[in-house]
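Each chain gets a letter, A, B and so on, in the order its sequence line appears, and its residues count up from 1.
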Protein chains: 4
Amino acid sequence: MLNTLIVGATGYAGAELAAYLNRHPHMNITGLTVSAQSADAGKLLSDLHPQLKGIVDLPVLPLKDVAEAAKGVDVVFLATAHEVSHDLAPQFLAAGCVVFDLSGAFRVSKPEFYTEFYGFEHQHLDLLDKAVYGLAEWQADKLKDAQLIAVPGCYPTASQLALKPLIENGLLNDSQWPVINATSGVSGAGRKATLGNSFCEVSLQPYKLFSHRHQPEIAEHLGVPVIFTPHLGNFPRGILATITCRLNAGVTEEDVAEAFHNAYHDKPLVRLYTRGVPALKDVVGLPFCDIGFAVKGEHLIVVATEDNVLKGASAQAVQCMNIRFGFPETQSLL
Amino acid sequence: MLNTLIVGATGYAGAELAAYLNRHPHMNITGLTVSAQSADAGKLLSDLHPQLKGIVDLPVLPLKDVAEAAKGVDVVFLATAHEVSHDLAPQFLAAGCVVFDLSGAFRVSKPEFYTEFYGFEHQHLDLLDKAVYGLAEWQADKLKDAQLIAVPGCYPTASQLALKPLIENGLLNDSQWPVINATSGVSGAGRKATLGNSFCEVSLQPYKLFSHRHQPEIAEHLGVPVIFTPHLGNFPRGILATITCRLNAGVTEEDVAEAFHNAYHDKPLVRLYTRGVPALKDVVGLPFCDIGFAVKGEHLIVVATEDNVLKGASAQAVQCMNIRFGFPETQSLL
Amino acid sequence: MLNTLIVGATGYAGAELAAYLNRHPHMNITGLTVSAQSADAGKLLSDLHPQLKGIVDLPVLPLKDVAEAAKGVDVVFLATAHEVSHDLAPQFLAAGCVVFDLSGAFRVSKPEFYTEFYGFEHQHLDLLDKAVYGLAEWQADKLKDAQLIAVPGCYPTASQLALKPLIENGLLNDSQWPVINATSGVSGAGRKATLGNSFCEVSLQPYKLFSHRHQPEIAEHLGVPVIFTPHLGNFPRGILATITCRLNAGVTEEDVAEAFHNAYHDKPLVRLYTRGVPALKDVVGLPFCDIGFAVKGEHLIVVATEDNVLKGASAQAVQCMNIRFGFPETQSLL
Amino acid sequence: MLNTLIVGATGYAGAELAAYLNRHPHMNITGLTVSAQSADAGKLLSDLHPQLKGIVDLPVLPLKDVAEAAKGVDVVFLATAHEVSHDLAPQFLAAGCVVFDLSGAFRVSKPEFYTEFYGFEHQHLDLLDKAVYGLAEWQADKLKDAQLIAVPGCYPTASQLALKPLIENGLLNDSQWPVINATSGVSGAGRKATLGNSFCEVSLQPYKLFSHRHQPEIAEHLGVPVIFTPHLGNFPRGILATITCRLNAGVTEEDVAEAFHNAYHDKPLVRLYTRGVPALKDVVGLPFCDIGFAVKGEHLIVVATEDNVLKGASAQAVQCMNIRFGFPETQSLL
């Protein structure tokens with residue numbers, strides 16, 4: 001039985017993490033915390049997320065002293081803002097915890113990336129080297145020894161799971177950048193009050209054209225440039241990415257199918273469509289990434305869907321943890 | 001040509017008002033204003049409400065000096081918070097303007113009502129007496145001379161239009177209070193950032209049971225007690241009220257139909273259903289209140305729908321103004 | 001290990017049943033069937049409901065010969081149309097199966113009810129007597145010996161769970177009928193193509209005023225008349241019922257709270273709100289019925305929510321089965 | 001005053017057409033018709049589309065004899081299925097009517113296109129030559145003499161308005177096909193009952209990858225190949241197209257802005273964004289196509305939005321008619 005602490009438990013990913021870990025046979029939730037300044041400190045998680053009433057009725061306590069909070073804790077999940085994770089991760093590592101960070105603080109190895117895209121100067125370059133990028137299907141080996149796991153977020157998970165088998169197999173024509181059009185549910189923006197997230201203001205719209213911080217993250221981990229255009233969708237949960245690529249001459253539909261099959265036939269949380277492409281609704285509330293594709297001539301369209309809060313955050317964090325500690329990969333996720 | 005000023009033009013009702021008045025052949029918009037503290041001051045209305053781009057591209061200016069702002073203005077619309085309207089209305093009246101107030105500041109004649117339900121002590125008791133309650137279908141005569149019109153809001157408009165013909169004709173059994181269950185779109189809460197209005201938090205839910213301020217307003221103007229239960233609905237616009245009443249012994253379906261017919265057959269913004277009941281979608285974006293009903297034995301159910309921002313706010317304000325100045329009642333509304 | 005057959009597995013309730021039973025440690029799904037005429041016959045359940053891909057990939061076979069289909073089967077779930085259940089239930093009972101019927105075919109004891117509200121003449125009056133009404137929280141004793149369980153549907157479950165404690169404790173004033181206003185997601189109308197269910201036609205609207213077949217069902221089982229007004233809501237799943245009642249003189253808020261507490265404090269699938277009332281979103285996807293209430297003077301409003309396809313259909317069927325066979329009541333539901 | 005007939009008035013585009021023409025000062029609706037087989041024949045348009053109650057209460061009559069129906073009619077709108085338009089257009093033309101066809105029957109000049117993409121053999125090759133493609137902003141001259149106008153539909157209108165200024169000005173690098181990702185509201189599929197359009201089945205999903213009939217239509221009229229990927233969105237109305245292109249070396253953001261400005265600065269129904277890109281909600285219910293863009297290096301993203309039933313169908317048909325007969329271009333549209 002591993003003792004676990006969820007830091008930043010009040011957001012959408014934090015609440016789902018709590019639900020997963022609460023039913024995990026090898027995990028014992030020893031604490032849920034939130035920033036000491038938060039008005040939510042002291043409330044029950046199920047008061048903030050009433051769907052958890054009767055399921056996870058634990059209090060969310062203010063995080064004051066990290067050393068104190070880390071006592072007896074084996075595993076920490078950081079569902080916190082980037083800067084907060086950046087500061088907390090080293091402290092929990094120093095206390096001997098294995099840290100799963102759901103923020104962007106350790107996802108990219110280059111320190112200048114944080115200055116440019118996150119607006120802070122990274123102070124822990126050693127950890128940038130040591131952190132394992134938790135794209136679970138592709139990092140199983142590295143995860144087994146990892147102390148700090150940087151769990152990728154929603155857009156990068158769908159985008160990379162869709163593109164990586166193609167790139168690894170050399171199927172894409174590099175004269176043309178893959179065009180990733182992705183639409184995310186509003187939960188992607190977090191549990192907070194902004195005019196842009198208010199019900200009457202939300203509608204389908206692209207945002208941050210050519211300038212979203214996930215573009216360089218995707219590009220670094222794939223090793224190729226991409227055009228990434230995120231959209232806000234008028235739904236609470238889920239991501240659908242439609243990715244248009246050019247194939248190398250002679251690459252066939254069968255080659256593409258084989259690349260996906262080889263990559264994922266034994267991966268329980270990727271569901272490959274052999275006919276048609278996935279629809280968003282079929283993955284909402286589930287821990288999968290669903291992938292389908294179509295080929296015509298030199299062009300390929302890959303469609304990937306996932307629940308942004310699950311495979312795009314909390315479920316993938318638990319999946320990484322299951323791999324890290326040798327539990328069944330889908331334990332408590334299905 | 002009347003010169004008109006819209007105070008509080010940046011909200012949902014303000015924007016619709018601007019669109020109606022902009023196309024009104026007898027009105028000239030001389031200014032749109034917002035609180036001097038607002039971050040929106042100085043922007044174009046069409047930057048805040050891009051649907052108005054190319055239609056109403058006027059700037060929204062900070063309201064600093066009321067006397068200055070009122071110069072040359074014939075008609076003022078206050079689409080402002082209750083306390084703000086309470087303070088501004090006397091000033092614009094003193095400047096000789098006819099004032100249409102879309103807030104709750106002058107809707108009920110009893111001063112204690114404001115202390116209890118709005119949290120401020122009313123300072124203008126004389127205006128409470130003089131203000132005409134702008135339930136347009138029932139106040140045409142009084143509106144013609146009014147200087148201050150308190151335009152009723154969304155729930156009270158639908159509820160009263162549905163119940164008033166029954167009460168005026170003595171059809172309801174007073175042993176039992178009418179039960180008003182009403183569901184409103186999120187725009188009813190205004191254009192602002194709150195966690196409760198954020199996209200992922202909105203879902204069908206009753207609120208303020210037995211304690212919403214519209215309950216005493218409806219009761220005062222109808223002259224009977226009511227049970228009013230508002231609900232938040234997962235849609236941006238519209239109100240549907242389902243009202244269950246007990247009829248006096250002997251009252252028939254025909255009596256009910258006749259009461260509605262007599263009240264509204266010559267009212268262009270009330271659409272009576274002679275078969276079935278209205279659905280919400282059919283009135284969204286339109287200035288009507290739609291009403292249908294069913295009778296069984298001693299029980300009556302009346303269903304009333306409207307667009308909360310239109311007949312429940314801006315369209316009714318324009319309707320009142322059309323009546324006040326002798327323009328066709330539906331001018332610029334249809 | 002009990003062998004189970006789901007008849008009518010292709011609908012929304014059937015698919016959820018399959019998911020619950022698939023993960024039930026004591027159940028073995030031996031077959032999923034659909035009408036032999038259905039175009040869905042022969043497909044995988046996960047082709048019709050892709051969310052089940054990788055979870056329940058069983059084929060849905062045409063039901064041809066009941067005796068054949070019943071061989072070796074211990075438990076049958078009928079997620080079929082009322083007339084179909086009416087015909088099939090006796091045959092499966094004759095074959096020795098325990099039958100859980102999710103249709104309306106055996107929910108009311110009076111045969112004339114079927115003629116009037118379902119349009120067919122009931123042929124199995126003996127079964128009407130023997131059938132146990134599966135409102136699980138109130139029928140645990142009877143369920144333990146039942147062979148035919150008539151699982152109540154969505155509106156009656158929410159309405160009765162909300163009202164029964166009040167009626168059993170004599171708290172309601174019978175001079176006034178409880179007013180049940182309930183709004184259901186579109187899934188309540190089943191998985192089928194109709195213009196009324198098409199995306200652009202759905203909007204909040206009451207229907208079947210004073211004439212819905214659930215009104216007499218609720219009234220019979222509660223033993224009091226009610227006014228029941230169903231509404232279609234613009235969401236796929238869930239029911240919210242707002243119920244307005246008159247209390248007997250002297251009944252207090254504490255009396256109401258106590259009645260609910262006594263009825264449900266040990267019932268795992270009813271969640272009582274001691275503060276506030278439930279919102280729809282917090283129960284969607286979960287097997288609970290959530291209940292909250294408010295009292296003012298002689299009036300009481302009770303709010304009950306549930307997922308219409310779960311506690312209002314499939315989850316309650318599994319809950320009844322768990323009780324019937326002595327499994328933990330929430331086995332595989334949470 | 002021109003007499004006009006709407007054939008196929010019961011669909012979403014037909015109803016909007018009726019509303020526009022009903023308020024047009026130079027048009028007189030002499031008839032609304034529907035297929036003689038339709039169950040809607042004989043009903044009021046406002047019974048089928050209750051939002052038109054009190055606005056357009058005309059009956060929809062079965063179309064039996066075209067010659068009879070065409071008597072005294074100057075202008076015919078065909079809001080009918082492709083095959084129906086194909087058969088009716090020549091008959092109404094022979095009767096001397098000017099015909100605005102909202103179907104796909106005359107949009108592309110090559111007869112083999114109909115065999116391949118519409119499944120019928122075109123019989124009126126002379127009309128394919130004579131028909132004017134009603135992309136209003138680009139065809140004003142030709143429209144002035146046209147007898148048969150093939151009004152383009154939703155996807156092609158948004159896509160072409162976005163791309164045509166770039167192509168006409170030679171800004172795009174033809175080594176790479178423009179990637180059009182477009183999401184349409186469910187009304188795009190018409191007013192009919194299908195499982196795919198039913199409320200619970202709709203969710204964001206691409207469809208007809210590489211095989212939608214609008215792909216060759218767009219390509220023919222633009223004169224360049226394109227990759228067109230349509231998506232179904234979970235909303236009733238509107239289209240958002242995100243189009244990714246490669247610019248020729250040296251083309252700047254200013255060049256792009258200038259091309260759009262030159263093309264549309266005097267076109268009242270195209271709204272150019274000089275900052276940011278449009279959101280879907282801001283154009284729903286309005287007759288505009290909104291266009292914005294962003295450039296980075298050699299890549300360009302153009303975003304175009306419109307109401308698929310308005311600028312993508314009925315409003316554009318009325319716009320074409322206004323141009324054809326010399327009325328103000330936006331008459332009755334704003």
Using the six-membered ring of Phe288(D), assess whether NZ or CZ of Lys53(B) lies under 6.0 Å from its centre and within 45 degrees of the ring axis. no
Under a 4.5 Å heavy-atom cut-off, does chain D meet the side chain of [X], its backbone, both or neither?
X         : value
Asp47(B)  : side chain
Leu52(B)  : backbone
Leu272(B) : backbone
Arg275(B) : side chain

Would you find a donor on one side and an acceptor on the other, under 3.5 Å apart, between the side chain of Arg271(D) and the backbone of Gln51(B)? yes
